[in-house]
Student: 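Sharing a structure here in structure tokens format.
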Amino acid sequence: MAPRRPHVDDQRPAAGLGAGQRGGVVVLEPGDRPLLLAALARRRRRGRRSGPAAGRLGLVLGLVLLLATEEGQAGRGDKRDAAHGDLVARTRVGSAAMSDGPSFDSTLDRIMAERRAKADSLRAAGRDPYRNDFRPTHTVAAIRARYEPTKPPPPAADAPRDKGAPITPVDGEAVRLAGRLVAKRGFGKTVFAPIRDGGADLQLYLAIDHCDADDFAQVVSELDVGDIVGAEGAVFWTKRGELSLLVTKVFLLTKALRPLPDKWHGLTDVEARYRQRYVDLAVSPEVREVFVKRSKIVAGIRRFLDGRDFLEVETPMMHPIIGGAAARPFVTHHNALDMRLYMRIAPELYLKRLVVGGLPRVYEINRNFRNEGLSRQHNPEFTMLEFYWAYAVHTDLMDLTEEMITGLAEEVCGGTKLTWDGVDLDLARPWRRITIRDAVHQLGGLSAEDTAALFSDPVRAAELALAHGVPAADVARVLLERADVNATGLPLPELVATLKKPTPAERRVAIDGIVAHYSDTDAGRFARRVAAGHLGYLVFEATAEAKLVQPTFLCEFPLAVSPLARKSDRDPAFCDRFELFVAGREIANGFSELNDPDDQRARFQAQLAAKAAGADETMDYDEDYCRALEVGMPPTAGEGIGIDRLAMMLTGAASIRDVILFPLMRGE
RNA sequence: GGGCCCAUAGCUCAGCGGUAGAGCAGCGGCCUUUUAAGCCGUUGGCCGAAGGUUCGAAUCCUUCUGGGCUCACCA
């Protein structure tokens, strides 16, 4: 274990080295890290320096650090000039290309070599370029908040520019700040160097009159944009009205070897922004702001639910069977148990087991994984809030959702009027509530008659679905799911081909062919309505979904697409389920939970039938979950809210990747 | 996976058959209240990769790689 270094307050340059710097020549041990060839401390008028032979890194191999000072110069009265001219050691790397030196593969290599050389130069002077003993007394944000009220009035436009005016700190209190150097503007004996600490910037004013001479000579001249620095000094206002730190001591805390992107443009290459988010964040305050907001959103949700006696829990993310949603999973394997596991697609069935167990209000905020394509709305791993509320129903969820999201908008965005991806939104309550049936009619443009048929007669529904562009394969699958598949005797590809025929009469053959096999019993008649509802939902997606711009609860979902939701008391072909849409995108999904174990078993069976009919995104039959329902789950309402999409909405992001710190990318 | 588009210096971008350019960053010089500081000088490129076409390719064609948008799937 390394001995503890003295705190920065106590740390001064080693006496011998300091003397050596002023006196003349310091020779490094041969074992020292090979630095730059030579760092020459030169007088100002020295004229052309050592000539072409000094160029490039070829000569950098020299192990000697030369600090040449003309004898007596330091004592000659012009102390400032001496400090500037003689103490500023400068690296001599990268100029005057030579044939005998090693060449760099790229500009980047050269820049990094130069920065390493600067770090080595500091080491040679007894300064660690990666020290960790600097303790700031304040954050930059705290200093800004504290001194902002002391801002002096701007000087009159015709006020004379008195260049040598003394600097008067606001209160003279010495503070220590740290952050990343984001720019450097040198003026010879003065350097302006804004640092960024968290989200706040503050300018360091490094002047030879005020700053420690060794610091100024050894550190300031070799600071690069991107370095992490610490500084001690007093706060003052420049005459241009910029809050600044009049630095007396400056410390390099971390040498940055890689250059930051162009300070004006930042990173614009989206791929680079996602792959190297650390650069994106370091350079783009607006990106940082997005993720700060996201964090506030998640914290706000927790506060909201905690305040209503919801208990945050964590359920498994590796599932032995697929459940809780309709999606393709990622598959993994446990070695010791030799067990196939799926990364969860939803926590739903576990959370409801907890309600069975007597946790009447639970929630979980965590990742789900779905093995599907990527898009502006989809990342394979995404964050979901799910919460379950016993003795409540789906309409309670809608009220709660309105309250929660408008509260977050007020908190995070300062109001309910937003712009998202070019769309103006107003989240002010109450939000529109519309049934799927009404949406198809009012927004999708279907006549009242067609709409009525769409949700009751599978034959008409199939025709309407095909007419509105629903793929024939989907239509065929829906029809088959509810029929007695074996009885039709028609292979799926053949049915699909028939459904693609150009004339309605030809297509009718296939449709009738299937529907004829729905049994003529109560169950068969019910199956027709369920199939029709499913087709109605597909027509909704094709015609009306994109038109749900302002926040809207879409209600009364068809049974067939809701295997875990409670049947509506008014019409058992529908469920007490809703989805929240904003700007045509689904944000939330909630329903009164199905807690009848026998009904649940039937729904799982229907999922198996759907799978048999060709659907590739279905749930497994979860026998343990049914067993849990047999123990008895109180009447419960449950909801899932996509946190990424909510964050997109509240930050105005067009792509989900803009609200995920490290979105999934192909390997580099 | 399909369609369209993009890839040139560390960063941001020009160039679109005829010797690779600019701004920023870097390096050297000047500059003690600047803030996209300024002025002078200067280094830096297998033009994403591999094949073609051509006297000649960053530029035209093909394939590949990575990315964006979009469609499909989903939340």
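First the proteins, then the strands, lettered A, B, ... as listed; each starts at 1. In what follows, every heavy atom counts, from backbone to side chain, and hydrogens, waters and symmetry copies are set aside. Computed from a predicted structure; not experimentally measured.
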Student: Can you sort out the partners of A/Phe187 under side-chain contact (heavy atoms from CB on, under 4.5 Å), two or more places apart, ordered by chain and number?
Tutor: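 Checked A/Phe187 against side-chain contact (heavy atoms from CB on, under 4.5 Å); matches are A/Arg185, A/Thr190, A/Phe192.
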Student: Provide a list of protein-nucleic acid N or O atom pairs under 3.5 angstrom, restricted to nucleotides 10-14 of chain B.
Tutor:
unit_1, atom_1, unit_2, atom_2, d
B/rG10, OP1, A/Thr107, N, 3.2
B/rG10, OP1, A/Thr107, OG1, 3.1
B/rG10, OP1, A/Leu108, N, 3.4
B/rC11, O2', A/Asp262, N, 2.9
B/rC11, O2', A/Gly266, O, 3.4
B/rU12, OP1, A/Thr268, N, 3.0
B/rU12, OP1, A/Thr268, OG1, 3.1
B/rU12, OP1, A/Asp269, N, 3.2
B/rU12, O3', A/Thr268, OG1, 3.2
B/rU12, O2', A/His265, NE2, 3.4
B/rC13, OP2, A/Thr268, OG1, 3.4

Student: Measure centre to centre between the rings of A/Phe236 and A/Tyr205, then say whether the value is under 6.0 Å.
Tutor: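 Centroid separation for A/Phe236 and A/Tyr205: below 6.0 Å.
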Student: Protein-nucleotides 69-73 of chain B N/O pairs closer than 3.5 Å?
Tutor:
unit_1, atom_1, unit_2, atom_2, d
B/rU70, OP1, A/Arg376, NE, 3.3
B/rU70, OP1, A/Arg376, NH2, 3.1
B/rU70, OP2, A/Arg376, NE, 3.1
B/rC73, O3', A/Glu617, OE1, 3.3
B/rC73, O2', A/Glu617, OE1, 3.3
B/rC73, O2', A/Glu617, OE2, 2.6

Student: Write down the partner of B/rC27 under the Watson-Crick or G-U wobble criteria, each distance required to be under 3.5 Å.
Tutor: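 Per the H-bond distance test, B/rG41.
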Student: Going by centres under 5.5 angstrom and planes under 30 degrees, do the aromatic ring of A/Phe187 and the base ring of B/rC31 stack?
Tutor: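 The ring of A/Phe187 is not stacked on B/rC31.
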Student: Between B/rC16 and B/rC47, how far is it from one C1' atom to the other, in whole Å?
Tutor: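 12 Å, rounded to whole Å.
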Student: Considering only NZ, NE, NH1 and NH2 on the basic side and carboxylate oxygens on the acidic side, decide whether A/Glu114 and A/Lys118 come within less than 4.0 Å.
Tutor: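 Answer for the salt bridge query: no.
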Student: Using both distances under 3.5 Å as the test, list the Watson-Crick or G-U wobble partner of B/rG1, or none.
Tutor: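 Partner of B/rG1: B/rC71.
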Student: Check whether any side-chain heavy atom of A/Asp644 lies under 4.5 Å from a side-chain heavy atom of A/Asn379, and answer yes or no.
Tutor: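 SC-SC contact between A/Asp644 and A/Asn379 ruled out.
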Student: For B/rA7, which nucleotide in any strand shown is its Watson-Crick or wobble partner with both distances under 3.5 Å?
Tutor: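 Pairing partner, where one exists within any strand: B/rU65.
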Student: Which base sits across from B/rG18 as a Watson-Crick or G-U pair, both distances under 3.5 Å?
Tutor: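 Checking every strand shown, B/rG18 finds its partner in B/rC55, with both distances under 3.5 Å.
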Student: Toward the 5' end of RNA chain B, which comes first, A/Ile587 or A/Ser244, by nearest nucleotide?
Tutor: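 The residue mapped nearer the 5' terminus is A/Ser244.
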Student: Going by the rule side-chain contact (heavy atoms from CB on, under 4.5 Å), which residues pair with A/Arg180 if we only count those two or more places apart in sequence or in a different chain?
Tutor: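 For A/Arg180, the residues satisfying side-chain contact (heavy atoms from CB on, under 4.5 Å) (neighbours in sequence not counted) are A/Ile228, A/Leu260, A/Ala282.
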Student: Will you find, in the side chains of A/Ser284 and A/Arg273, an N or O donor that is under 3.5 Å from an N or O acceptor?
Tutor: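 No, no side-chain donor-acceptor pair sits under 3.5 Å.
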Student: For A/Glu242, answer base if it contacts any base atom (sugar-phosphate contacts may also be present), sugar-phosphate if it contacts only those atoms, and nothing otherwise; contact means non-hydrogen atoms under 4.0 Å.
Tutor: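 Base, at least one base atom sits under 4.0 Å.
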Student: Tell me every residue that passes side-chain contact (heavy atoms from CB on, under 4.5 Å) with A/Lys611, counting only those two or more places apart in sequence or in another chain.
Tutor: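 By the side-chain contact (heavy atoms from CB on, under 4.5 Å) rule, A/Lys611 matches A/Thr618, A/Asp620.
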Student: Using a heavy-atom cut-off of 4.0 Å across all strands, would you classify A/Gln203 as base, sugar-phosphate, or nothing?
Tutor: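 Touches a base.
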Student: To the nearest 0.5 Å, what is the distance between CZ (A/Phe216) and CG (A/Leu206)?
Tutor: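 Taking CZ in A/Phe216 and CG in A/Leu206, the distance rounds to 7.0 Å.
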Student: Could you tell me which residues satisfy side-chain contact (heavy atoms from CB on, under 4.5 Å) with A/Pro551, sequence neighbours excluded, listed by chain and number?
Tutor: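 Residues passing side-chain contact (heavy atoms from CB on, under 4.5 Å) with A/Pro551: A/Leu427, A/Trp431, A/Leu580, A/Val582.
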Student: For a quick check of understanding: with a heavy-atom distance under 4.0 Å over all strands, which category does A/Arg275 fall into, base, sugar-phosphate or nothing?
Tutor: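 Result for A/Arg275 = sugar-phosphate.
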Student: Find the distance A/Glu586:CD to B/rA75:C1' and express it as a whole number of Å.
Tutor: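 Whole-Å distance recorded here is 5 Å.
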